[in-house]
Amino acid sequence: MKSIRVLHVVGSLRPGGVETWLLHLLRRIDRSRFELDFLVHDATPCLLEPELVALGARIHRCPHVRRPARYAARFGRILREHGPFDAVHSHVHAFSGFVLGLAARHRVPLRIAHSHTTTERRAFLRAPWRSFYEAAMRRAIGSLATHGLACAEAPARDLFGPAWQADPRWQILHCGIEPALYEVSARSALARASLGLGEKERVVGHVGNFHAVKNHPFLLHAFAALLELEPEAALVCVGEGPALGDVRAELRRRGIADRVRLLGVRRDVPALMREVFDVFVLPSRLEGLPLALVEAQAAQLPCVVSDVVTREADVPGSTIVRLPLASGAGAWGRAILDLARRSGGAGRAARSPVAGTAFDIATGAERLAALYSGA
């Protein structure tokens with residue numbers, strides 16, 4: 001039987017929520033039935049690419065996002081030389097309007113726009129022209145998409161409009177993970193020792209790239225408040241990004257650099273959550289549905305998150321404390337310490353609570369297989 005060929009369009013393949021989900025998807029989907037390729041806007045190879053290629057994916061580069069004519073020419077050449085594709089599945093938010101227009105021009109039958117974030121609270125990041133661009137792209141998506149997916153209701157509203165539920169093309173599909181990777185039997189001290197951390201230290205974990213929306217300045221402020229209560233606490237951050245230099249400078253200014261581990265990009269996030277973290281913290285100013293929070297719950301970590309994080313991300317039985325950022329760093333520090341004292345890996349079930357839920361990658365892969373088969 002002929003394989004169904006799907007071209008995923010992404011900004012990059014650097015580790016992040018969407019990219020991690022796509023890796024889990026490629027591992028899980030029936031690769032004898034589906035071939036998944038990736039069109040990437042990033043001009044340089046990224047960390048996840050070797051495993052994707054080892055799983056049978058092909059990587060195509062199309063870095064000319066700010067030059068529409070060159071982008072369209074390159075996109076068309078990729079489709080002609082490496083196609084035909086049965087579906088184009090675009091993950092680049094508003095720019096998906098342009099991508100799906102090109103897919104329609106090249107007669108790709110299944111054209112999917114996938115919303116993973118929201119611009120509703122993003123005025124602090126938006127250039128004056130941005131609203132006009134986004135409105136035009138939303139109209140294009142409404143006209144050209146055969147299907148639309150969103151990780152949560154707010155991203156669905158953002159890309160498909162306030163009446164999105166009235167259009168059967170638009171659906172919610174939670175990004176999922178492989179639960180077995182996060183299941184805990186017994187904690188080992190080796191992972192902590194490799195980071196210079198003691199077995200009894202309270203370890204605060206954070207996974208998120210260093211961008212303004214992740215609010216790392218507040219994270220450091222809250223951690224400094226925690227240190228006043230628990231001087232032997234430690235903070236472990238996973239991620240990279242343009243704000244990393246500012247974070248390093250702030251750590252030096254506060255004199256707490258020795259209590260913080262900045263690990264950069266890591267492939268062993270499940271192990272860090274299982275073996276190192278006591279509590280997970282996410283003080284974001286903006287989120288769609290954070291996959292890192294799903295991962296933390298899969299590892300049965302208690303979580304302290306900002307109140308902008310949708311409750312759609314909650315897994316039954318998990319411990320999540322939501323706090324407004326306006327409550328201040330002191331309140332966050334106290335909440336983190338309270339949960340860390342009750343954590344430490346004790347009492348975790350052998351089976352991840354994510355197994356069998358909408359966040360189990362098996363659930364999402366099955367739904368996408370059905371959607372792609374419609375091509």
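Quick note: residue numbers are just sequence positions, from 1.
For Phe223 and Trp332, the ring centers are positioned 6.0 Å apart or more. In summary, the aromatic rings of Phe75 and His64 are positioned with their centroids too far apart to meet the 6.0 Å limit. For His106 and Phe85, the ring centers sit 6.0 Å or farther from each other. The aromatic ring centroids of Phe280 and Phe277 lie 6.0 Å or more from each other.
Note that CZ of Phe160 is 10.0 Å distant from CD of Gln171, once rounded to the nearest 0.5 Å. Summarising the geometry, atom NZ belonging to Lys200 is positioned 12.0 Å from atom CZ belonging to Arg192; distances are rounded to the nearest 0.5 Å. Atom-to-atom distance recorded for Leu371:CG and Leu110:CG is 5.0 Å, nearest 0.5 angstrom. Atom-to-atom distance recorded for Leu13:CG and Leu47:CG is 10.0 Å, nearest 0.5 angstrom. Atom NE2 in His116 sits 8.5 Å away from atom CD in Glu19 (nearest 0.5 Å). Atom CZ of Arg254 and atom CD1 of Ile256 lie 6.0 Å apart (nearest 0.5 Å).
Checked for salt-bridge contact, Glu134 and Arg138 meet the test: a charged N lies under 4.0 Å from a carboxylate O. Ion pairing of Asp42 with Arg61 is absent here, as no side-chain N (NZ or NE/NH1/NH2) approaches a carboxylate O to less than 4.0 Å. A salt bridge links Glu178 to Arg28: at least one charged side-chain nitrogen sits closer than 4.0 Å to a carboxylate oxygen. A salt bridge is defined here as a Lys NZ or Arg NE, NH1 or NH2 lying under 4.0 Å from an Asp or Glu carboxylate O, and Asp314 with Arg322 meets this definition. Note on Glu51 versus Arg267: salt bridge recorded, some NZ/NE/NH1/NH2 to OD/OE distance being below 4.0 Å. The pair Arg259-Glu201 counts as a salt bridge, with a side-chain nitrogen and a carboxylate oxygen less than 4.0 angstrom apart. Look at Asp338 and Arg334 and you find no salt bridge, because none of the NZ, NE, NH1 or NH2 atoms lies under 4.0 Å from a carboxylate O.
Ser115 contributes a side-chain N or O that, together with a main-chain N or O of Pro155, makes up a donor-acceptor pair within less than 3.5 Å. The backbone N or O of Leu220 lies less than 3.5 Å from no partner atom in the side chain of Glu250, so there is not a single donor-acceptor pair. Remark: the backbone N or O of Val99 is not paired with any side-chain donor or acceptor of Ser90 at under 3.5 angstrom. Under a 3.5 Å cut-off, the side chain of Arg274 and the backbone N or O of Val269 do not form any donor-acceptor pair. In terms of modelled atom types and a separation under 3.5 Å, the side chain of Arg169 and the main chain of Gly142 share a donor-acceptor contact.
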Please step through side-chain contact (heavy atoms from CB on, under 4.5 Å) for the pair Leu289 and His174, ending with a clear verdict. CA-CA 8 Å; Leu289 193 152; His174 294 318; 3.6 Å; yes

side-chain contact (heavy atoms from CB on, under 4.5 Å) between Leu244 and Asp246: does it pass, once the steps are laid out? CA-CA 5 Å; Leu244 182 55; Asp246 293 337; over 6 Å; no

Verdict with reasoning, His216 to His211, per side-chain contact (heavy atoms from CB on, under 4.5 Å): CA-CA 8 Å; His216 289 92; His211 297 284; over 6 Å; no

After noting the C-alpha distance and the side-chain angles of Gln297 and Ser352, does the key distance pass the side-chain contact (heavy atoms from CB on, under 4.5 Å) rule? CA-CA 8 Å; Gln297 293 173 91; Ser352 171; over 6 Å; no

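Looking only at atom types and distance, the side chain of Asp37 has no donor-acceptor partner in the side chain of His8 under 3.5 Å away. Of the N and O atoms on the side chains of Ser3 and Arg31, not one donor lies less than 3.5 Å from an acceptor on the other residue.
Classified by interplanar angle (parallel below 30°, tilted 30° to 60°, perpendicular above 60°), the ring pair His91/Trp21 is perpendicular.
Side-chain atoms of Asp86 and Lys2, non-hydrogen and from C-beta on, do get closer than 4.5 Å to each other. In this structure, Arg58 and Val53 have side chains that are not in contact, with every pair of non-hydrogen atoms separated by 4.5 Å or more.
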